[in-house]
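Every chain is numbered from 1, with letters handed out A, B, ... down the list of sequences.
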Number of protein chains: 2
Amino acid sequence: MKYIEKLRNSGLRPTKQRLQICEVLFDRDKTFHFTINELERKIKKQTDSKISLATVYNTVHAFEKKGYLKQIPINSSETYFDTNVTDHHHFYDLKEEKLIDLENSDVGPINILKKINGKKIKSVEVLVKLED
Amino acid sequence: MKYIEKLRNSGLRPTKQRLQICEVLFDRDKTFHFTINELERKIKKQTDSKISLATVYNTVHAFEKKGYLKQIPINSSETYFDTNVTDHHHFYDLKEEKLIDLENSDVGPINILKKINGKKIKSVEVLVKLED
DNA sequence: TGGTAGTTTATAATGATTCTAAAAAAGTGT
DNA sequence: ACACTTTTTTAGAATCATTATAAACTACCA
Ligand SMILES: [Mn+2]
Ligand SMILES: [Mn+2]
Ligand SMILES: [Zn+2]
Ligand SMILES: [Zn+2]
C-alpha cells in the first residue's frame with residue numbers, strides 16, 4: 001500500500017484508521033486545504049466509518065512534524081493544514097473561508113532585503129485576502 | 001486628551017480603563033505587536049492598576065473593528081494584534097515568538113497576476129519566518 | 001500463540017476567547 | 001446635589017478548539 005511508507009516515516013504503524021486518513025488526505029490530484037473538523041467529516045463520508053477525533057489530531061500532527069503536511073497561518077477559529085508542503089502562497093477568500101494556492105509564477109520572486117542578526121529565513125509566504 | 005477621539009470614533013466612551021489601554025497601545029514611537037495577555041501585563045505594570053480581561057478584549061476588538069488595530073495571521077495559540085494598521089509585511093521569529101515589521105522597501109512591490117472571478121484583493125501580506 | 005509495545009477511543013482537562021448579569025460609573029435633566 | 005437612565009466594568013461562567021489521560025484494543029514479533 002502506498003501510504004505505509006509515509007506512516008512509517010512519520011513513526012506511525014499503518015493501521016486501518018490511519019490508512020483511511022491517508023486516503024482522504026493524499027489520494028487526490030489537487031492541493032487539499034482543511035481544518036481538522038473538515039477532515040473528520042470527509043473521513044466519515046468517504047470511508048463510512050467513524051474515527052476518533054484524537055486519532056485524527058494525532059495523525060495530522062505526526063504528518064506535520066515529519067513534513068507531509070503544513071500549517072497555514074490564518075486567523076480563524078480553527079487551524080488550517082495543507083497537503084502542499086512546498087513554500088507557496090495563498091489566496092484567502094474571506095467570505096467563503098477557503099484557501100486557494102497561488103503558483104510562484106503568479107506572484108514572482110520575492111527578495112527580502114532586510115537581515116536580522118543571527119537569524120536565517122526559513123520561509124517566505126504571501127497571503128492575499130480576497131473580498132467580493 | 002488625545003485618545004478620546006479614537007475611543008469615540010470606535011463607539012466607546014472615554015473611561016479611565018480605556019484611556020489606560022490607549023496609553024499602552026498608542027503612546028509609543030514604534031509599532032506594537034502584542035497578544036491580549038501581553039497587553040494586559042503591560043497595563044498592569046505601566047499603570048499599576050488592574051483592568052478586567054473582558055474590558056481589554058472588548059476595547060481591542062472595538063479598535064480592530066474600527067481599523068485602529070489589526071490582527072496578524074500567525075499560527076500561535078494566542079491572537080496577535082498590531083498597532084501598525086497599514087498594509088505591511090512581517091518577520092516572525094519562531095524561537096522568540098516575536099513579530100518584526102518589514103518596510104515595503106525591504107520586500108519590494110508584489111504583483112499578483114492570478115485573478116479570481118468576482119473577487120478583489122483586499123490585502124497582500126508577506127510573512128517571513130525566521131529561525132536561528 | 002503469547003507477550004509487549006503501540007494504538008484507538010471516550011472522556012476529561014486545558015486555555016484562549018466570549019458571554020452573562022450584577023455592581024459601579026457616567027451621563028442627563030432638574 | 002439628586003434622582004434616574006444608560007453605559008461600562010468586572011468576576012465568573014460558558015464555549016469551543018485542542019491536548020491529555022487511561023483503559024480497552026491491536027499490530028508485531030519471537
Ligand atoms: Mn495543532
Ligand atoms: Mn479576537
Ligand atoms: Zn496551499
Ligand atoms: Zn506590524
Side-chain angles (χ1 to χ4, degrees), chain A residues 1 3-25 33-44 47-66 69-81 97, chain B residues 1 3-25 33-44 47-66 69-81 97:
Chain A
M1 175 57 105
Y3 302 125
I4 291 178
E5 191 194 349
K6 270 192 161 111
L7 286 165
R8 292 216 184 279
N9 283 341
S10 306
L12 301 176
R13 289 183 181 173
T15 63
K16 177 160 63 76
Q17 289 89 340
R18 289 171 178 161
L19 288 167
Q20 287 174 335
I21 292 171
C22 283
E23 277 171 26
V24 175
L25 284 179
H33 300 108
F34 63 94
T35 66
I36 295 287
N37 282 290
E38 287 167 2
L39 176 57
E40 199 207 11
R41 281 202 300 279
K42 276 219 160 63
I43 292 164
K44 282 218 188 78
T47 71
D48 196 31
S49 61
K50 168 182 47 204
I51 294 183
S52 157
L53 241 198
T55 299
V56 180
Y57 271 102
N58 290 339
T59 306
V60 165
H61 284 141
F63 282 146
E64 193 217 353
K65 188 174 180 191
K66 185 63 185 180
L69 291 174
K70 72 187 292 197
Q71 238 183 299
I72 303 299
I74 292 286
N75 285 335
S76 160
S77 54
E78 291 172 85
T79 302
Y80 275 83
F81 294 90
E97 297 186 324
Chain B
M1 172 60 104
Y3 304 124
I4 292 179
E5 192 194 349
K6 269 192 161 111
L7 286 165
R8 290 215 186 282
N9 282 341
S10 307
L12 301 176
R13 290 181 182 172
T15 63
K16 179 162 61 77
Q17 290 88 341
R18 288 169 179 163
L19 288 167
Q20 287 174 334
I21 293 169
C22 284
E23 277 171 26
V24 176
L25 283 179
H33 301 107
F34 63 93
T35 65
I36 295 288
N37 282 290
E38 287 167 2
L39 176 57
E40 199 208 11
R41 280 201 301 279
K42 276 218 161 62
I43 292 164
K44 282 217 188 79
T47 72
D48 196 32
S49 62
K50 168 182 49 208
I51 294 183
S52 155
L53 241 197
T55 299
V56 180
Y57 270 102
N58 290 340
T59 306
V60 165
H61 284 141
F63 281 146
E64 193 216 353
K65 187 175 180 190
K66 186 62 185 182
L69 290 175
K70 72 187 294 197
Q71 239 182 298
I72 304 298
I74 291 287
N75 286 125
S76 159
S77 55
E78 291 172 86
T79 302
Y80 275 83
F81 293 91
E97 297 186 325

Who passes side-chain hydrogen bond (donor to acceptor under 3.5 Å, both in side chains) against A:Ser49, sequence neighbours left out?
A:Gln20, A:Thr47
Write down the distance between CD (B:Glu38) and C1' (C:dG15), rounded to a whole number of angstrom.
16 Å
Could you tell me the separation between the CZ atom of A:Arg18 and the P atom of D:dC28, rounded to a whole number of Å?
10 Å
Taking N or O atoms only and anything under 3.5 Å, show me the protein contacts with nucleotides 10-17 of chain D, one pair per line.
from: D:dT10; atom 1: OP1; to: B:Gln17; atom 2: NE2; distance (Å): 3.3
from: D:dT10; atom 1: OP2; to: B:Ser52; atom 2: N; distance (Å): 3.0

Whole-Å distance between C:dT18 C1' and B:Ile36 CD1?
12 Å
When the distance from CG of A:Leu12 to P of C:dA5 is rounded to whole Å, what number comes out?
18 Å
When rounded to the nearest 0.5 angstrom, what distance separates OG1 in B:Thr59 from CD1 in B:Ile51?
8.0 Å
Distance check needed: C:dA16 P versus B:Gln71 CD, whole Å only.
16 Å
Answer yes or no: does a side-chain N or O of B:His61 lie under 4.0 Å from OP1 or OP2 of C:dT17?
no
Sorted by chain and number, sequence neighbours left out, salt bridge (charged side-chain N to carboxylate O under 4.0 Å, His left out) with A:Lys70 holds for A:Glu125
Listing request: all side chain to side chain donor-acceptor pair (under 3.5 Å) pairs with a residue in residues 8-18 of chain B, at least two apart in sequence or in separate chains.
B:Asn9-B:Tyr68
To the nearest 0.5 Å, what is the distance between CD1 (B:Ile72) and OG1 (B:Thr79)?
11.0 Å
Whole angstroms only, please: what is the CG-P distance between A:Leu19 and C:dT7?
12 Å
Close side-chain approach of A:Thr55 and A:Ile21, heavy atoms under 4.5 Å
yes
Less than 3.5 Å apart, which donor and acceptor atoms pair up between the side chains of residues 33-40 of chain A and the rest of the protein, not counting sequence neighbours?
from: A:His33; atom 1: ND1; to: A:Leu99; atom 2: O; distance (Å): 3.4
from: A:His33; atom 1: NE2; to: A:Asp82; atom 2: OD2; distance (Å): 3.0
from: A:His33; atom 1: NE2; to: A:His90; atom 2: NE2; distance (Å): 3.2
from: A:His33; atom 1: NE2; to: A:Asp101; atom 2: OD1; distance (Å): 2.8
from: A:Thr35; atom 1: OG1; to: A:Glu38; atom 2: N; distance (Å): 3.2
from: A:Thr35; atom 1: OG1; to: A:Glu78; atom 2: OE1; distance (Å): 3.3
from: A:Asn37; atom 1: ND2; to: A:Glu78; atom 2: OE1; distance (Å): 3.1
from: A:Glu38; atom 1: OE1; to: A:Thr35; atom 2: N; distance (Å): 3.2
from: A:Glu38; atom 1: OE2; to: A:Lys98; atom 2: NZ; distance (Å): 3.3
from: A:Glu40; atom 1: OE2; to: A:Lys44; atom 2: NZ; distance (Å): 3.4

Between B:Ile74 (CD1) and C:dA16 (P), how many Å, whole number?
17 Å
Do B:Asn58 and B:Leu12 have side chains that approach each other closer than 4.5 Å (heavy atoms only, starting at C-beta)?
no
Separation between CG (A:Asn75) and CG (B:Asn75), nearest 0.5 Å, reads 8.5 Å
Report the distance from atom CG of A:Asn75 to atom C1' of C:dA16, rounded to the nearest whole Å.
13 Å
Distances under 3.5 Å only, N/O to N/O: pair up the protein atoms with those of nucleotides 24-28 of chain C.
none

